[in-house]
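Let me begin by presenting the structure, written as structure tokens, before commenting on it.
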Amino acid sequence: MDFHYIFLSVLLLPICIGQDPTDFKVQIMPVVSVLNANLNEGKGLTCSSVPPGDLEWFFQDAKITSTTGRVKIETSGNFLRLRIGDVQETDAGVYKCRGSKGDKSDERTINLEVSIPVKVLSKPDQFGIIDQDGAVECDVVGKPVPTLTWKFLNGSDIPNSDKYVISPNRLTIKKLTIEDAQTYNCYVYVLSTGHLEDFLINYEVVKPPVISLLPTFDPPNPKVGDTVVIKCLADGRPNPEYTFFKSDRDKGEVPVSEDKVNKANGILTLTDVQREDEATYRCVASNKGGSDTKSNTLDVLIPPVITDINDVPNAFENTEAKLKCVAEGDPMPDIEWKKLEPLSTGSQAKDIQPQEIKGDMDNLPNAIIKTQSKTLLFSKVVPENAGTYQCTAFNSVGSVSKTAKLGVQYKPHFNTDFKQTEFWGWGGHRANLTCQASANNKAELSWFRPDSEFPDDRSKDKPITSIYPFEGPLPNTVNSDSYLTSSSLLVNIANNDATNDYLYGDYLCKATNSLGDNVLKIQLRKASPPNQPIVKIVDTFSTSVKLGVTTVEQQAGVEVTEYHYALKQNGQAQSEDVVKANSGGETQFSVTNLQPGTSYTIDVQAKSPVGLGSAKSIIVKTPDVSRPEKLTIESPPLGESSNSYTVRWATPVDGGSVITKYIIKYRKCEITEMTTDPKKWTVKQYLANENSVIESTQSSTQEVTIPNLDSDSYYDIRVTAVNDKGESDPESKIIKTSSQSIVEDQDGDDNKTEIVDVGGSVNISNVTDGETLSETSVDKPADSASLSSGAIVGIIIGLIVIIAVVAIVVFLVLKKPGLVQGLRGRLGGKAGEEERGKKEDGKDPAEEEKLIKKDDTVKVENELEESKNDVIVEHPEEFEPDSKPEQPDAPPAQKPAALEKPEELKTPTATTEIKITPETPEKPENAAA
């Protein structure tokens with residue numbers, strides 16, 4: 001009997017009714033829709049697929065990737081197990097396993113429910129206040145939720161009545177009496193689990209304490225060194241405990257140290273009483289029912305008090321001055337004077353110390369308060385004596401201090417913090433001559449020029465008025481707090497002709513007040529152009545050279561403002577340009593548009609307001625090939641996406657060698673000033689320990705999309721170009737991501753940037769139409785594979801039909817062989833021809849066709865692998881830290897499926913390879929100090 005047709009019928013039947021025998025299915029074990037777990041136990045969920053494919057676990061639609069910790073995934077053969085250790089209440093929810101293989105995908109879910117054991121949170125000892133309503137608490141937690149019943153200790157139920165009010169987790173007892181103090185039973189049970197528990201609550205009825213008398217002192221008027229006993233008495237049930245508080249002038253009120261208090265008897269003992277013990281003491285008696293308080297003030301012997309102290313605001317220089325301090329106390333205080341701070345006179349001379357004179361006042365023998373005085377005598381006061389002085393009076397009880405001020409009037413002097421006496425001028429410049437004097441009272445400043453024949457005779461000095469070429473003197477600037485006065489004289493120098501040389505030389509600044517005058521000599525010198533600059537070669541490229549230029553400053557206040565340079569080749573001028581000088585440091589600039597492998601002469605001159613200095617010549621030769629020059633980032637600082645940023649740059653000068661790749665480094669940061677102006681953004685600190693790195697081998701495309709960024713955040717991005725000679729200097733830019741996601745798909749544009757939200761895990765890829773994704777991919781949410789009730793009914797009906805057809809075929813074969821033989825004869829001609837065609841020349845045409853397709857598929861696969869190997873090149877970072885973050889193993893590469901028309905397959909172009917590499921933390925170029 002030939003079963004060929006029977007097998008063919010059974011094989012084709014599922015296809016006829018719409019079922020694909022190659023369906024991809026995912027299964028979760030245990031096979032339940034709801035899984036129950038007890039709190040703190042461990043659970044494992046195992047996911048597999050038929051046929052084996054790529055599997056992922058999700059919790060509440062969030063992907064689980066961790067391979068360590070309490071919740072982690074484990075791989076075992078074709079199984080992906082989700083392991084949950086020490087189950088917590090927050091682990092309850094829906095877990096989903098999603099699988100895919102090729103274009104097939106499926107997913108299953110399981111709901112984890114967490115049971116919580118019954119636990120009573122309330123305390124077994126509780127109380128209420130007599131004559132008030134009392135609450136007996138029984139707060140119970142558990143899942144399933146338990147049920148409560150209130151009972152007396154003898155087992156009888158407590159009725160819900162006017163006396164007892166039963167509410168959830170609480171028994172309220174109206175108007176408590178002493179008889180209500182007993183043990184109550186909170187009877188806890190759970191019907192679904194059979195849990196039973198008696199929770200006994202000892203309930204106490206208390207009476208709040210009452211203090212009838214004020215605290216007493218023994219002795220009532222203590223002195224320093226005595227021991228004082230403070231007593232406090234209160235009535236309450238249970239007996240109250242006592243605490244004491246002491247008033248404090250600065251802190252308000254502070255508790256008294258417990259080691260001084262007998263809490264049971266209400267006694268506070270103060271030993272060795274001092275002035276600080278003089279205060280108001282408050283006694284607090286408390287028990288479970290409440291507290292009561294009473295206060296009384298303890299008086300200790302009087303500490304020192306300063307009753308009189310005088311200021312001397314206007315003592316004249318070289319005259320006598322006195323500062324007197326009078327204090328009283330018991331015992332008699334001593335007095336000390338101390339200078340706290342001098343008023344600024346600008347002088348660095350040492351103070352002249354005064355004489356101290358002590359004088360006893362007329363104190364009666366039986367006086368409780370005794371008085372003392374001490375005077376500071378300045379026989380000839382000088383400006384350096386001016387300042388603030390402190391008088392301190394002290395005895396065995398305590399001390400007190402007050403201050404007095406001494407002011408000294410003196411004639412002007414120029415010994416201030418402003419020391420400049422030499423100024424510079426040149427043709428076309430207006431020189432600003434400035435002087436500063438110290439005086440009390442205020443000094444008036446005026447300007448003179450000494451007589452040319454008698455320069456030391458002050459009587460022949462010539463006053464300067466505000467007539468050209470002079471302006472000023474400008475109005476005096478006075479600082480009354482420091483006794484300083486400043487003045488400026490402006491001198492206009494028309495040109496460098498010898499006719500203006502008379503303006504250079506000595507000038508006199510004269511300071512005058514009611515006590516006298518003083519004169520300071522100031523020089524105006526003629527400035528000259530800058531010296532020859534110092535030029536060094538910082539870097540050379542095939543088409544440019546970077547120079548660093550500095551100039552030694554030769555005159556104070558005459559700074560170099562510009563550098564002029566001229567480019568020559570073989571003695572012929574090529575180009576000229578001007579560069580702004582950096583203030584106080586090296587100035588760097590690049591000379592561009594050079595030819596590779598060519599020698600040049602560059603002349604550099606420094607320019608100041610005085611004029612142009614002499615030139616410094618250097619000879620440079622450009623290399624034939626060099627590393628790339630620094631590129632320019634053109635993408636805007638404000639990103640359009642909340643979780644990615646596309647950085648674009650201008651094509652850099654390649655140094656004569658093809659750009660092989662671009663390196664993009666980025667790190668999340670915090671900026672120094674929260675402003676909307678990106679030009680003011682500077683890095684305050686980095687928020688990541690290392691840079692993340694993207695390497696792009698698409699040398700023809702000057703843009704890369706950085707994925708997985710935080711929304712509304714700042715990042716420091718640095719882009720470097722690489723060729724065979726090395727890396728360019730990095731170009732840095734601070735960007736900010738948007739606070740909202742944007743999806744872009746511009747019709748007609750070959751390059752598309754897609755931002756896809758996949759439930760918290762976002763992968764970004766920059767793909768050109770026709771490219772094949774390799775290594776970098778865009779995750780898409782899998783379509784739901786759950787079956788409806790109609791589909792399940794259809795499957796059942798299909799199975800019934802298949803069984804019926806198989807039964808009919810078997811019946812015909814066994815019971816009606818003649819009918820089967822006849823059908824075979826009717827089909828025999830065509831079947832025989834096909835059979836003969838298969839066997840001609842001993843070859844099977846169908847098998848040959850399969851072999852041809854297989855060879856084509858292998859060829860396409862090899863081409864893809866070769867292209868992939870040519871495009872993606874991985875380089876390790878120059879610095880590897882001691883420890884790296886754990887990364888999940890990369891999934892095995894999948895071979896492309898066999899194509900029906902391999903000759904039409906496009907060669908895959910270069911892709912952007914994204915790799916996150918730890919790197920040594922570095923300080924940003926624009927980081928704030």
Side-chain angles (χ1 to χ4, degrees), residues 30 32-45 59-60 70-71 82-95 110-208 237-238 241 286-290:
V32 292
S33 60
V34 178
L35 180 63
N36 189 272
N38 292 325
L39 195 67
N40 300 326
E41 75 169 339
K43 283 292 180 182
L45 304 177
F59 175 58
Q60 308 289 42
R70 188 178 63 81
V71 180
L82 174 62
R83 184 168 182 172
I84 306 174
D86 190 19
V87 171
Q88 302 297 311
E89 188 175 2
T90 55
D91 295 330
V94 177
Y95 292 81
I110 186 170
N111 187 13
L112 180 65
E113 294 185 351
V114 179
S115 297
I116 302 176
V118 175
K119 183 178 181 180
V120 181
L121 303 180
S122 299
K123 297 180 179 180
D125 295 310
Q126 302 179 30
F127 67 92
I129 307 301
I130 194 168
D131 295 329
Q132 298 181 11
D133 292 346
V136 186
E137 304 285 349
C138 187
D139 190 9
V140 183
V141 295
K143 187 184 283 189
V145 178
T147 303
L148 304 183
T149 300
W150 289 97
K151 296 178 179 292
F152 291 110
L153 187 59
N154 59 11
S156 61
D157 291 341
I158 298 178
N160 200 350
S161 61
D162 293 339
K163 179 65 175 179
Y164 302 101
V165 179
I166 298 176
S167 57
N169 300 336
R170 175 180 294 180
L171 171 64
T172 301
I173 306 174
K174 295 293 186 177
K175 199 172 178 62
L176 288 172
T177 64
I178 298 299
E179 290 73 23
D180 293 322
Q182 56 181 291
T183 300
Y184 297 90
N185 182 9
C186 176
Y187 182 72
V188 183
Y189 61 94
V190 181
L191 291 176
S192 59
T193 62
H195 177 85
L196 297 174
E197 181 178 353
D198 291 312
F199 183 74
L200 300 181
I201 300 173
N202 298 317
Y203 197 75
E204 183 180 9
V205 177
V206 302
K207 178 182 178 182
R237 173 194 171 94
E241 283 190 353
S286 59
N287 62 14
K288 295 179 180 180

Nearest atoms (heavy-atom pairs only) where [X] meets [Y]:
{"X": "Leu39", "Y": "Pro117", "value": "CB-CD, 4.1 Å"}
{"X": "Gly93", "Y": "Asn111", "value": "O-OD1, 3.1 Å"}
{"X": "Val205", "Y": "Thr177", "value": "CG2-O, 3.3 Å"}
{"X": "Ser192", "Y": "Pro144", "value": "OG-CG, 3.3 Å"}
{"X": "Pro30", "Y": "Leu35", "value": "CG-CD1, 4.1 Å"}
{"X": "Leu148", "Y": "Cys186", "value": "CD2-SG, 4.0 Å"}

Heavy-atom distance under 4.5 Å between the side chains of [X] and [Y], does that happen here?
{"X": "Leu82", "Y": "Val71", "answer": "yes"}
{"X": "Pro124", "Y": "Leu200", "answer": "no"}
{"X": "Ile201", "Y": "Trp150", "answer": "yes"}
{"X": "Val34", "Y": "Glu113", "answer": "yes"}
{"X": "Thr147", "Y": "Leu191", "answer": "no"}
{"X": "Leu112", "Y": "Leu45", "answer": "no"}
{"X": "Val120", "Y": "Asp139", "answer": "no"}

Given 3.5 Å as the limit, does a donor-acceptor pair link the side chain of [X] with the main chain of [Y], or not?
{"X": "Lys119", "Y": "Gly142", "result": "no"}
{"X": "Asp133", "Y": "Lys175", "result": "yes"}
{"X": "Gln126", "Y": "Glu137", "result": "yes"}

side-chain contact (heavy atoms from CB on, under 4.5 Å) between Phe199 and Val118, worked out: CA-CA 12 Å; Phe199 183 74; Val118 175; over 6 Å; no
To the nearest 0.5 Å, tell me how far [X] [atom1] sits from [Y] [atom2].
{"X": "Asn185", "Y": "Glu197", "atom1": "CG", "atom2": "CD", "value": "10.0 Å"}
{"X": "Asn36", "Y": "Glu41", "atom1": "CG", "atom2": "CD", "value": "8.0 Å"}
{"X": "Gln60", "Y": "Tyr95", "atom1": "CD", "atom2": "OH", "value": "7.5 Å"}
{"X": "Asp198", "Y": "Tyr187", "atom1": "CG", "atom2": "OH", "value": "6.5 Å"}
{"X": "Ile178", "Y": "Glu204", "atom1": "CD1", "atom2": "CD", "value": "9.0 Å"}
{"X": "Ile173", "Y": "Leu171", "atom1": "CD1", "atom2": "CG", "value": "5.0 Å"}

Parallel, tilted or perpendicular, as decided by the 30° and 60° cut-offs, for the rings of Phe152 and Tyr184: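 Geometry flag for Phe152 against Tyr184: tilted rings.
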Whether over 12 other heavy atoms sit under 6.0 Å from Lys151 NZ: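 Check passes, neighbour count above 12.
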Over 12 non-hydrogen atoms of neighbours within 6.0 angstrom of CG in Asn154: yes
Test log, rule side-chain contact (heavy atoms from CB on, under 4.5 Å), inputs Glu89 and Ile116: CA-CA 8 Å; Glu89 188 175 2; Ile116 302 176; 3.3 Å; yes
Results of side-chain contact (heavy atoms from CB on, under 4.5 Å) for Arg70 - residues two or more places apart only: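 Arg70: side-chain contact (heavy atoms from CB on, under 4.5 Å) contacts with Ile84, Asp86, Gln88, Asp91.
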side-chain contact (heavy atoms from CB on, under 4.5 Å) against Asn287, all qualifying residues, sequence neighbours excluded: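 Testing Asn287 for side-chain contact (heavy atoms from CB on, under 4.5 Å), a comparison that skips the adjacent residues, returns Pro209, Pro238.
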Trace of the side-chain contact (heavy atoms from CB on, under 4.5 Å) decision for Asp162 with Lys174: CA-CA 7 Å; Asp162 293 339; Lys174 295 293 186 177; over 6 Å; no
Carboxylate-amine/guanidinium proximity below 4.0 Å for Lys163 and Asp180: yes
